[in-house]
Amino acid sequence: MAQSPSKTKKNTAGKVNKIEKSAFGTLPNGSKVDLYTLRNSNGMEVQITNFGGIITNLTAPDKKGKYANVTLACDSLKGYLKGVPYFGALIGRFGNRIAKGKFTLEGKEYTLATNNRPNALHGGRKGFDKVLWTATPIDAAEPQLKLNYTAADGEEGYPGKLDVEVIYTLQKDNSLKIDYKATTDKTTVVNLTNHTYFNLSGDASNDILNHELSLAADKLVPVDATLIPTGELTAVAGTPFDFTKPHKIGERINEANDAQIKYGKGYDHCWVFTDASNKLKNVASVYEATTGRVMEVFTTEPAIQFYSGNFLDGSAIVKGGVPAKFRSGFCLETQHYPDSPNQPNFPTTVLKPNETYRTTTVYKFSVK
Ligand code: GLA
């Protein structure tokens, strides 16, 4: 049942509502921004703002049962408006890079902003991470926040009016499910994801190099020096990119004689899952030993961008005034391969008017 937005008081059973709305600030154009707090019965809390669909807080228990925020997130809207590298945000219309900001669709060439010179990155200058979404809270046993945004035909250079719906669901098993859906009125390209940076220690002043990562992926999408795919897929076996068994993120991250590590300044690459099906499958697992926290990722997508926060340099400030320093967060962005619109051999990212784009990703938290 949809809950009327301003009801943050206790419900009839005397319990705090599972979803609450509060004010999060005002955009330079005067638009009011809201913050939604979702809670499950275990005590896990997720906060999401309708500005960029940004996750501003996500708590997970440690082995003592203590919940703490495990993401890089700002205290206020102002923090996000100062410019942060996609903290917690929804990414679209096209996540990851498109070479030189150009692609051809049905014989017509489209030109995008080259906001990550010389390439286009994450939907453009004002991607889905910087727009105001329409939010609908759903106060169900597993609370949901539905976000809708319509990108105009030609917005950020992409063809087609795109209607996007993203539903965040905080589930009973301490997982956050994200369902993405989109339809278009003209043939276009779509690659939606979420760009949350995680730090399972619960303390953003730590780096993430001791986190142990495994990825159910036997292939990598190798890139050139501008992080654009070469077009081939290479086996990860015998390289610092083999996470088919758990490895600490920091173990091989500085292998300077590996060209891919050099180009990414660490890990900033797309891995292709061994299981190519579009079933919801377990694709990644991360373990932080000091707290015992585990995060598992499930997705219907074919690939994942694992980014080890190599461009973080302390200039973006997270909760409590902590500078987000080098490698203090990592991202696991489920998606299609980068630059797919220019790569005929990659799985297609084209969406036609009679089709519906649907993907699901789940981030599940536990301890061991
Ligand atoms: C991504 C890219 C990185 C970097 C970050 C934002 O995930 O792959 O190269 O641009 O976004 O800093």
Side-chain angles (χ1 to χ4, degrees), residues 46 48-49 51-55 58 71-73 84-98 112 115-116 119-124 126-131 133 145 147-149 151 156 158 162 164-169 175-182 188-198 215 217 221 223 227 229 264 267-273 278 280-281 283-284 286 295-309 311 329-341 343 346-351 357-364:
V46 179
I48 300 160
T49 166
F51 176 69
I54 295 172
I55 297 172
L58 186 160
T71 69
L72 299 188
V84 293
Y86 307 99
F87 286 174
L90 293 177
I91 302 294
R93 158 175 335 198
F94 200 96
N96 218 317
R97 291 175 177 79
I98 295 182
L112 313 169
N115 59 330
N116 188 249
N119 304 313
L121 178 69
H122 292 337
K126 191 177 178 186
F128 294 176
D129 58 299
K130 295 182 188 71
V131 301
W133 295 66
L145 185 69
L147 295 172
N148 289 89
Y149 178 69
E156 290 293 335
Y158 293 94
L162 190 76
V164 188
E165 183 171 289
V166 176
I167 300 179
Y168 285 105
T169 308
S175 64
L176 179 68
K177 177 158 75 116
I178 315 177
D179 291 299
Y180 301 85
K181 184 174 142 190
T188 189
V189 292
V190 186
N191 194 25
L192 305 178
T193 192
N194 176 283
H195 207 295
T196 296
Y197 293 69
F198 296 96
L215 294 172
V221 181
V223 289
L227 302 184
Y267 297 109
D268 191 0
H269 295 78
C270 185
W271 274 251
V272 174
F273 303 132
N278 59 3
L280 192 65
K281 53 203 177 280
V283 293
V286 190
M295 180 176 84
E296 290 166 286
V297 185
F298 302 79
T299 191
T300 59
E301 289 274 28
I304 200 162
Q305 183 84 4
F306 163 48
Y307 168 54
S308 53
F311 295 116
F330 67 90
C331 303
L332 286 169
E333 308 157 45
T334 54
Q335 58 189 255
H336 271 61
Y337 315 174
D339 198 32
S340 292
Q343 299 279 355
F346 288 179
T348 184
T349 49
V350 172
L351 183 71
Y357 169 101
R358 276 180 207 276
T359 71
T360 297
T361 293
V362 177
Y363 297 96
K364 180 167 188 266

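Numbering of residues begins at 1 and proceeds along the displayed sequence. Bear in mind that the values here come from a model prediction, so they are computed numbers and not experimental data.
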Open item on the list: Could you go through Tyr180 and Val190, starting from their C-alpha distance and side-chain angles, then the distance that decides it, and tell me whether this counts as side chain to side chain contact (heavy atoms under 4.5 Å, CB included)?
Closed with: CA-CA 11 Å; Tyr180 301 85; Val190 186; over 6 Å; no
TODO: Evaluate side chain to side chain contact (heavy atoms under 4.5 Å, CB included) for Ile91 paired with Tyr86, printing each intermediate quantity in order.
DONE: CA-CA 8 Å; Ile91 302 294; Tyr86 307 99; 3.6 Å; yes
- [ ] Start with the C-alpha distance between Ile304 and Leu215, add both sets of side-chain angles, then the distance that settles side chain to side chain contact (heavy atoms under 4.5 Å, CB included), and finish with yes or no.
- [x] CA-CA 9 Å; Ile304 200 162; Leu215 294 172; 4.3 Å; yes
TODO: Tell me, with the steps shown, if Leu176 and Ile55 meet side chain to side chain contact (heavy atoms under 4.5 Å, CB included).
DONE: CA-CA 11 Å; Leu176 179 68; Ile55 297 172; 3.7 Å; yes
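In this structure, the side chain of Asn191 engages the main chain of His336 through a donor-acceptor pair within 3.5 Å. The closest donor-acceptor contact from the side chain of Lys281 to the backbone of Glu301 lies under 3.5 Å. Side-chain N or O atoms of Gln305 include one that pairs as donor or acceptor with a backbone N or O of Asp268 at under 3.5 Å. No donor-acceptor pair closer than 3.5 Å links the side chain of Tyr168 to the backbone N or O of Leu147. Between the side chain of Tyr197 and the main chain of Pro85, a donor-acceptor pair closer than 3.5 Å is present.
Inter-residue side-chain proximity for Val286 and Phe198 is flagged as unmet; no heavy-atom pair is nearer than 4.5 Å. Within the 4.5 Å cutoff, the side chain of Leu145 has no heavy atoms near those of the Val46 side chain. Looking at heavy atoms from C-beta onward, Asn116 lies in side-chain contact with Arg97 at the 4.5 angstrom threshold.
Heavy-atom minimum distance, Pro229 versus Asp339: CD-CB, 3.8 Å. The shortest non-hydrogen separation linking Tyr357 to Leu192 is OH-N, 3.1 Å. Between Lys181 and Arg358, the shortest heavy-atom distance links the atoms CD-NH1, 3.6 Å. Listed here is the closest heavy atom pair of Leu332 and Ala284: CD1-CB, 4.1 Å. Gln335 and Pro302 get closest at one heavy-atom pair: O-CD, 3.6 Å. Here the closest non-hydrogen pair linking Asn115 and Gly124 is ND2-O, 3.1 Å.
Using modelled atom types, one finds a donor on one side chain and an acceptor on the other under 3.5 Å when comparing Thr361 with Thr334. Between the side chains of Thr360 and Asp179, a donor-acceptor pair is found at a separation under 3.5 Å.
Taking CD from Glu333 and CZ from Phe306, the interatomic distance works out to 10.5 Å, rounded to the nearest 0.5 Å. In this structure, the separation between CZ on Phe330 and OH on Tyr267 is 13.5 Å, given to the nearest 0.5 Å. Going from atom CG of Asn278 over to atom OG1 of Thr299 covers 10.0 Å, rounded to the nearest 0.5 Å. A distance of 9.0 Å separates CG of Asn96 from OG1 of Thr193, quoted to the nearest 0.5 Å. We find the NZ-CG distance between Lys177 and Leu280 to be 8.5 Å, quoted to the nearest 0.5 Å. To the nearest 0.5 Å, atoms CG (Leu112) and OH (Tyr158) are separated by 4.5 Å.
Considering only residues two or more places apart in sequence or on other chains, Tyr149 meets the ring-ring contact (aromatic ring centres under 6.0 Å, His included) condition with Phe128, Trp133.
Using cut-offs of 30° and 60° for the angle between ring planes, the Tyr307 and His195 rings count as perpendicular.
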